[in-house]
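For the single chain, residues carry numbers from 1 onward in sequence order.
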Amino acid sequence: MNDTLKFLDSVKDRLEEVSYEEIYQSVAAMRDKFVPTALIKKGAFIDRVRVHKKPDDLFLREEDISYIHDQEVIDKYVGYGRANKEKQAVFYGAILSPKIKHPRVVAYFETSPILKNLDKYPEVTEYFTLSRWRLTQDIEVMEVIFSDEALKVSEYAQMSLANQLKNYKHLPLAAEYEEQGRFFANQFARSDIKDGQDYKYKITAAYVNYIWAKSHLKGVTYPSVQSEYLGQNVALLPELVNSSLQLDAPVGIFKFERKGGVNLPVDSTKVAMDLGKDNAAFVFKDYYDGAFR
């Protein structure tokens, strides 16, 4: 194990005591970095969810459902995420995966605070806005595929690893590359992060931000923890979103409801087919039981 991995392994369970800058510099000092990549093709789509704080919330502009644009909000409220440092706007979403054909399911699992603690809510209602973003050109992103837990169940990770093996298995540093890839992938796959523990994302945030700063890559794809590694997430920098993604109509509002400890079918409540000029004036209409009202 190289010096960087030894250091990060020694601090991974006490990251509240170690600064982001120290972790970033440790990543920077690591020699022979191994960065698998994936190509997401033009025409593919990314599903993204924004949960409503109040049932009657309406997001009426593309800016409201994309990455956070308001610098004041970013500075005041954005902590560490799996692929972002503090006070950094990143676009999170979900893509197709072999086991979960509807990325919107993964996007909601990843975003909903209720689903992460469902046993605490025998009776609850949550509204969310779902948007779909289509790629206008191919994009190349970092690919996180070596997670021990994901490789047990994720066909995406299994197929990607088999493909990547062709590129590195013959190289003298193949064993070191696998060790490096496994360490960072297992950090991406952490499932022990509770409310108030966003500092546990420091290693992955520093890792992706270093690669983004030093290469042409401006995004990453990795297994979804909240879907038990069956789904696939992406995290993209705003510059990549602005250059390569297009918001598709319709944009929909949905309701998740739980009664007596039983999850009811998710209902669509409003749909915006008309997004207005420059996607800045969504026109929502009530929608129930497959019909507008």
Side-chain angles (χ1 to χ4, degrees), residues 36-41 43-51 65-67 81-84 90-119 126 128-135 139-164 181-182 184-194 198 200-201 204-205 207-208 219-237 240-241 245 247-248 251-252 254 256 258 263 265-266 268:
T37 67
L39 192 68
I40 306 178
K41 301 290 285 184
F45 62 87
I46 300 170
D47 283 350
R48 178 173 165 84
V49 161
R50 181 170 179 185
V51 172
I65 57 174
S66 181
Y67 59 86
R82 222 169 281 268
N84 69 274
V90 168
F91 179 102
Y92 287 92
I95 59 175
L96 284 171
S97 57
K99 289 288 183 72
I100 301 181
K101 300 299 184 183
H102 300 292
R104 60 181 179 267
V105 175
V106 179
Y108 181 48
F109 278 19
E110 286 285 344
T111 309
S112 170
I114 288 174
L115 291 186
K116 294 173 184 177
N117 300 282
L118 197 56
D119 291 342
E126 183 174 65
F128 61 95
T129 293
L130 171 68
S131 54
R132 174 162 288 183
W133 305 72
R134 197 163 300 277
L135 269 66
I139 62 171
E140 187 180 14
V141 297
M142 302 167 60
E143 186 174 52
V144 177
I145 53 175
F146 287 92
S147 159
D148 294 324
E149 292 303 315
L151 284 171
K152 294 176 184 177
V153 297
S154 168
E155 288 184 24
Y156 180 102
Q158 293 161 2
M159 291 187 297
S160 294
L161 178 57
N163 186 58
Q164 292 290 349
R182 184 175 297 108
F184 287 110
N186 285 336
Q187 291 305 298
F188 262 98
R190 290 187 71 155
S191 59
D192 64 334
I193 301 171
K194 298 180 171 55
D198 67 305
K200 291 184 177 180
Y201 293 125
T204 54
Y207 175 62
V208 297
V220 61
T221 182
Y222 57 95
S224 160
V225 173
Q226 298 304 324
S227 67
E228 298 181 339
Y229 312 105
L230 297 178
Q232 195 70 17
N233 290 331
V234 293
L236 311 176
L237 287 178
L240 187 57
V241 174
L245 265 63
L247 175 63
D248 277 358
V251 171
F254 293 82
F256 168 77
R258 183 171 167 86
N263 299 343
V266 174
S268 175

Peer 1: Would you mind reporting whether Phe184 and Phe146 have side-chain heavy atoms less than 4.5 Å apart?
Peer 2: no
Peer 1: Mark yes or no for whether Thr111, through its side chain, and Tyr108, through its backbone, hold a donor-acceptor pair below 3.5 Å.
Peer 2: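 Not a single qualifying donor-acceptor pair exists.
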Peer 1: Would Asn84 and Tyr92 count as having a side-chain donor-acceptor pair, cut-off 3.5 Å?
Peer 2: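 Asn84 vs Tyr92: donor-acceptor pair found between side chains.
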Peer 1: Do you see a donor-acceptor pair shorter than 3.5 Å between the side chains of Ser224 and Gln232?
Peer 2: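 No, Gln232 and Ser224 have no side-chain donor paired with an acceptor closer than 3.5 Å.
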Peer 1: Is any side-chain heavy atom of Leu230 closer than 4.5 Å to one of Val106?
Peer 2: no
Peer 1: How many angstroms lie between CG in Leu130 and CD1 in Ile65, if you round to the nearest 0.5 Å?
Peer 2: 9.0 Å
Peer 1: Of all the heavy-atom pairs spanning Ala107 and Asp47, show the shortest one and how long it is.
Peer 2: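 The pair with the smallest heavy-atom distance is CB-O, 3.6 Å.
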Peer 1: Counting C-beta onward and ignoring hydrogens, is there a side-chain heavy-atom pair between Thr221 and Val144 closer than 4.5 Å?
Peer 2: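 Contact flag for Thr221/Val144 side chains = no.
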Peer 1: So Ile40 and Leu135, do their side chains get closer than 4.5 Å, heavy atoms only?
Peer 2: yes
Peer 1: What distance separates Ile46 CD1 from Ser131 OG, expressed to the nearest 0.5 Å?
Peer 2: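 Result: 10.0 Å between the selected atoms.
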Peer 1: Taking atom CZ of Phe109 as the centre, does the number of heavy atoms from other residues, nucleotides or ligands within less than 6.0 Å exceed 12?
Peer 2: no
Peer 1: Are Tyr207 and Met142 close enough that some pair of their side-chain heavy atoms sits under 4.5 Å apart?
Peer 2: yes
Peer 1: Rounded at 0.5 Å granularity, tell me how far OG in Ser227 sits from CG in Asn233.
Peer 2: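 Taking OG in Ser227 and CG in Asn233, the distance rounds to 7.0 Å.
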Peer 1: Just so I know, are the side chains of Glu126 and Pro113 near enough to count as touching, which here means a heavy-atom distance under 4.5 Å?
Peer 2: yes
Peer 1: Taking the side chain as everything from C-beta on, heavy atoms only, tell me whether Phe188 gets closer than 4.5 Å to Pro223.
Peer 2: no
Peer 1: Does Arg48 count as lying over the ring of Phe91, i.e. NZ or CZ under 6.0 Å from the six-ring centre, within 45 degrees of the axis?
Peer 2: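 Here Arg48 passes the 6.0 Å and 45° test against Phe91.
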Peer 1: Within the distance-only criterion (no hydrogens, no angle test), does the side chain of Arg82 pair as donor or acceptor with the backbone N or O of Arg190 below 3.5 angstrom?
Peer 2: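 Such a contact is found between Arg82 side chain and Arg190 backbone.
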Peer 1: Thr37 vs Glu140, test: side-chain hydrogen bond (donor to acceptor under 3.5 Å, both in side chains). Steps then yes/no.
Peer 2: CA-CA 7 Å; Thr37 67; Glu140 187 180 14; 2.8 Å; yes
Peer 1: Assess the pair Phe128 and Phe256: is the distance between their ring centroids shorter than 6.0 Å?
Peer 2: no
Peer 1: Measure the spacing between CE of Met159 and CD1 of Ile145 and express it to the nearest 0.5 Å.
Peer 2: 11.5 Å
Peer 1: Counting only heavy atoms not in Gln158, do more than 12 sit closer than 6.0 Å to its CD atom?
Peer 2: yes
Peer 1: Is it the case that the side chain of Lys116 and the backbone of Glu110 share a donor-acceptor pair, with hydrogens and angles ignored and the cut-off at 3.5 Å?
Peer 2: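 Answer holds: yes.
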Peer 1: Looking only at heavy atoms, which two atoms of Tyr229 and Ala189 are closest? And how far apart?
Peer 2: OH-O, 2.7 Å
Peer 1: I'd like to know whether Val49 forms a side chain to side chain contact (heavy atoms under 4.5 Å, CB included) with Arg104, so could you lay out the CA-CA distance, the side-chain angles of the two residues, the decisive distance to 0.1 Å, and finally the verdict.
Peer 2: CA-CA 7 Å; Val49 161; Arg104 60 181 179 267; 5.7 Å; no
Peer 1: Verify the distance criterion only: is there a donor paired with an acceptor across the side chains of Tyr156 and Glu143 at less than 3.5 Å?
Peer 2: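 Yes - a donor-acceptor pair under 3.5 Å links their side chains.
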Peer 1: Please determine if Arg132 forms a cation-pi arrangement with Phe45, meaning its NZ or CZ atom is less than 6.0 Å from the six-membered ring centre and no more than 45° off the ring axis.
Peer 2: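 Because its charged atom sits under 6.0 Å from the ring centre and within 45° of the axis, Arg132 does stack over Phe45.
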Peer 1: Can you find a heavy atom in the side chain of Lys200 that is under 4.5 Å from one in the side chain of Asp192?
Peer 2: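 Yes. Closest side-chain heavy atoms under 4.5 Å.
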Peer 1: Going by distance alone, is a donor N or O of one side chain under 3.5 Å from an acceptor N or O of the other, for Glu155 and Ser97?
Peer 2: no
Peer 1: Quick check for you: to the nearest 0.5 Å, what is the distance between Ser66 atom OG and Leu236 atom CG?
Peer 2: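 Spacing of OG (Ser66) from CG (Leu236) equals 9.5 Å.
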